[in-house]
Structures are given as C-alpha cells and as structure tokens.
Amino acid sequence: MERNGFTLDADYCRAAEGRARDEEAVCLVELRKWLGTIHCAIPDDFNWASGKQLQELFHGRLALQPSPVWKKGRVKVAEGERKLDQVALEWIRNHSDRSMRRGVDELIRLRRLRGAIKYLAKLPTFIAPDGLVHPVTGPASDGDARSGTITWRLAAKNPEIQQIPSSEEKDWFRIRRAFVAPPDHTLIVADEAALEAVILAHIIIKLFGDHQLAEMVAPGAPNLHSRNAREVYGVQMGWERHGRAVRDFPLECFQDRESYPELYALRQDIKNKVWYAIMYGMQPYGLGFSLRDANDEPIGEKAARLVYDSLLASVPGIHRYQDWALGYIVEHGGMVGFGGAWVDLREFTESGDKWRLARAHRIAQNFPMQEGGARIIGHAMTEISDDPWLRGLGLCLERQIHDELDFRLPDSSPLPEVCARIQKHMTSYPLASKLQVTIGTGANWDDAK
DNA sequence: CGATCACGG
DNA sequence: ACGCCGTGATCG
C-alpha cells in the first residue's frame, strides 16, 4: 500500500476547502453577533479553539448549565468538572433558552467546519513527486516509536487514512470523493460485514458449541441490529412507538428512516451505543450515561440495566463469553487471540485492585475480536497479493481500513470476475461462523462505498 | 509534552 | 476508576 499509493483529486480538496473556509468566516461573524445581542463583550483575540477560554465564557460569564455527560461518560459537575466536547455541547444546547441556543449551535457548526478543513487543507500536501499519496503503515521516521498496535492491527499515518470522515452527518464536504480512481481505472471497495460479531460467533461456537450468534450474523439472516432493537425494546421491555407495540413491527420498518423515524432511532441506539459497547465490556453504569431519553437526559444505571439485561438474555452466548474471559485472565494473566498473539495483563490481574482487574477484563474481551479481525484481513491481503491472476490484471491495493480493502483496477480488466475473486479471498479464512463481504465499485471512494 | 478534542474501525 | 484500539491538531 505504501508503494502503490493512491490518487487524490487536489482540485476537489481546494474547492471544498474554499467553501468550508467561507462558512467558517460566516460562523465567526455570527458568533460575534450573538455575543452582541446578549451584551457580552470578548477580547479581539478570543480563541474559540481554546477549551480554557470557552469554559470561562460559557460557564463563567454566561453561566450556562454544565453538562452532566460527555463522550466518555459522567461529568463530575458537583466537583467542579466541566466538559465542552460535542456530546456535552449538544446537552447544553438542549438545556438552554433560545438566545443561548443560537450561540451553542453556531459553535457546534464551527467545530464541524474546522474538522473538515483539517483534512481538506492538508491532504493535497501529501502528494508526492510521482503524483500519488503514499501513506505510512510503520514508523514514520527514526524518531517515531509507533510501529502498529498491540492487537496486530495496522495503523496508517501521513496522512491518517483510516480516520477520514465517513458519515454524511459529520462530513458536509464529502471528503472521500477526493479519493479518486486514476484515469482508466475503477476503485473497488470491499468490506467485511459485521466482522467482529462474526468472530465472536466463531469463538462462542468453539467454546460452548452455541450456534445462536453465528446464525444471527449468517448470510440471509434478518438484520442484526433491527432484530436486537425489536427484541430488546419490543419483546423484552414492551415499549410502544408510532402508536403500536414495537414487537409487532416487521423488521424492515426499523431501517426505514422516512416512514418510521422512531423505530429507526431505536435501531441506531442499539447499533451505535449498545451492541458493540456491551461486546467490549461496557456495564449498565456506563450505558446509563450514553443512552438518553427524549429530553436528552441520561437514562441512568437502573433503566440501562433493563436494556443491558434484555440484550444479554436474548444472546446468552455473549454473557458466557464474558465470564469465560474473566476466568481465563485470572488463571493465565493474559489473553490469547486465535491468530496466536498474546496480551500480557499481569500488571492488572496481579495488582489485587478490582478496578484494574475490571480494566483487564475489558481489554481481554476486546482482544480476540480485534486481533482476529487483524488476522482475517491480513490473510485476505496476502492471498490477494499472491494471486498471480489478479496481479497480472494490474489489481493494486490502495488502503486498508481494518475491515475494508480498497483497490484500483485498470478498466481493461473484467470487473465482475475480479470482484468475485476478491470476495473469495476475503471469506477464505477458516472460521466456524461465516464471513460475509460487501463490494462496491466507482470512480471515487464515496461512490464505491 | 500532557490534556482535550475529534476522526475512523 | 465504570467499552477497546489507533493518529493528529491545538492549547497552555
């Protein structure tokens, strides 16, 4: 990937950057206007990127209500702790009157725009004399001690290609459209579907002979997160939405944002805030802060425990896996991945401290899934690189984003057959559960995905 | 150079 | 102390 490089549309970046900077300027003017209407003067060199200055303004002079939540959980408001990250800002916004809300909204906008500008401005600077961008997957220089991860995942830097904004809500400028196929080429984007859930399904079969999760993530199975949303909120908790019992809706409704926004929101909650968090060891305490009610208030540990217990009750293998992982690290002082890597956790397990043991337990639960994912994608990468037919057709690997491989292919090559061969290699790792791959093609990264 | 914030899986 | 693994821009 470092040698192959990839093509970047620098003109697209510069045009989008120009629009973003224009909007940024508007934002700054609007913020000043807002402060004027509430009769609040700030120095000319006030820095909206300074957490310290922002805290003094919001919680000092404007006396906005401090948020009890931030991205990582609880804010100790009583102890004087204040947070102004995106999660906290949203809470503050929803608990402010209209005159204040105007300013908080504008600051949220400003952060978004600057997030986009960060990438749009710097990406073209990485174009090398050969016209390509060559990101680095090992140490970036003699002074760089970072050579990867303890789970054997790759990392990528200069530029950080695995962190390019993806979601439409976060990326107003579609940065991935700048990652284009070179002339007379097509991009191929191949993604392992729900990779870590498939790995956990494999582990649960091997440990307990339990095939439930494997069947839930198998090809042709009902959508995992829709199923979980209906099971947890409908069957287990008996909630109603759109004037009907949630349990009575067909699963397709949970993915229909237009017709059933309330069901769609339940599915998003389960997918983004519950499923992976629980797989990696989040407890009802933490879940009580990340899940919110209709007023954006954290639902609390007690209500979160219902969701937590419901999900574990409907997929008992996860709970058995968690117990198994704890017993394993207590006995062995570390955790093994199925690719053979080992993470030493003795500094936690031998400390005699229950919090450090809990930390080791979470690392241990996550490790086989992250390590296994790295093995599976690494296996696919080497199989594809070693395939003489693909090599002869000029297929080039451009990027790896943990569970996704991006290639370029000359247009003279047979696209459907190449995609089929990629799919075969990406599903060939021997597992008790079944790997699935989704493939897209296009002229740029955004279209192909 | 540590802390905070924001982006991805 | 109460999801895991990363990279990087910015502040103080």
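Below, read A as the first sequence line, B as the second, and so on, with proteins coming before strands; counting in each chain starts at 1.
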Once you apply a heavy-atom cut-off of 4.0 Å, does A/Arg356 come out as touching a base, just sugar-phosphate, or nothing? nothing
Tell me, please, the opening and closing nucleotides of DNA chain B, 5' to 3', among those with an atom under 4.0 angstrom from a non-hydrogen atom of chain A. B/dC5 to B/dG9
Using a strict 4.0 Å threshold on nitrogen-to-oxygen distance, state whether A/Arg292 and A/Glu297 make a salt bridge. no
Are A/Arg153 and A/Glu371 within salt-bridge range, i.e. N to O under 4.0 Å? no
Give A/Leu195 one of three labels, base, sugar-phosphate or nothing, depending on what nucleic acid heavy atoms sit under 4.0 Å from its own. nothing
With the threshold set at 4.0 Å, does a side-chain nitrogen-carboxylate oxygen contact exist between A/Glu106 and A/Arg109? yes
Within the 4.0 Å heavy-atom criterion, would you say A/Gln86 contacts the bases, only the backbone, or no part of the nucleic acid? sugar-phosphate
How far does CD of A/Gln268 sit from NZ of A/Lys271, to the nearest 0.5 angstrom? 6.0 Å
Would you mind classifying the nucleic acid contact of A/Lys83 as base, sugar-phosphate or nothing, using non-hydrogen atoms under 4.0 angstrom? sugar-phosphate
A/Asp85 bridged to A/Lys83 by N-O distance under 4.0 Å: no
Any ion pair linking A/Arg93 and A/Asp105 (charged N to carboxylate O, less than 4.0 Å)? yes
Please determine which of A/Tyr429, A/Phe208, A/Phe338 meets the ring-ring contact (aromatic ring centres under 6.0 Å, His included) test together with A/His202. A/Phe338
For A/His361 and A/Gln322, indicate whether the former's side chain and the latter's backbone hold a donor-acceptor pair under 3.5 Å. yes
Sugar-phosphate only, base, or nothing, as touched by A/Thr137 at under 4.0 Å among non-hydrogen atoms: nothing
Determine, for nucleotides 2-12 of chain C in 5'-to-3' order, which nucleotides have protein heavy atoms under 4.0 Å from the base (write B), from only the sugar-phosphate (write S), or from neither (write -). BBBBBSSS-SS
Rounding to the closest angstrom, what is the interatomic distance between B/dG2 and C/dG3 at atom C1'? 23 Å
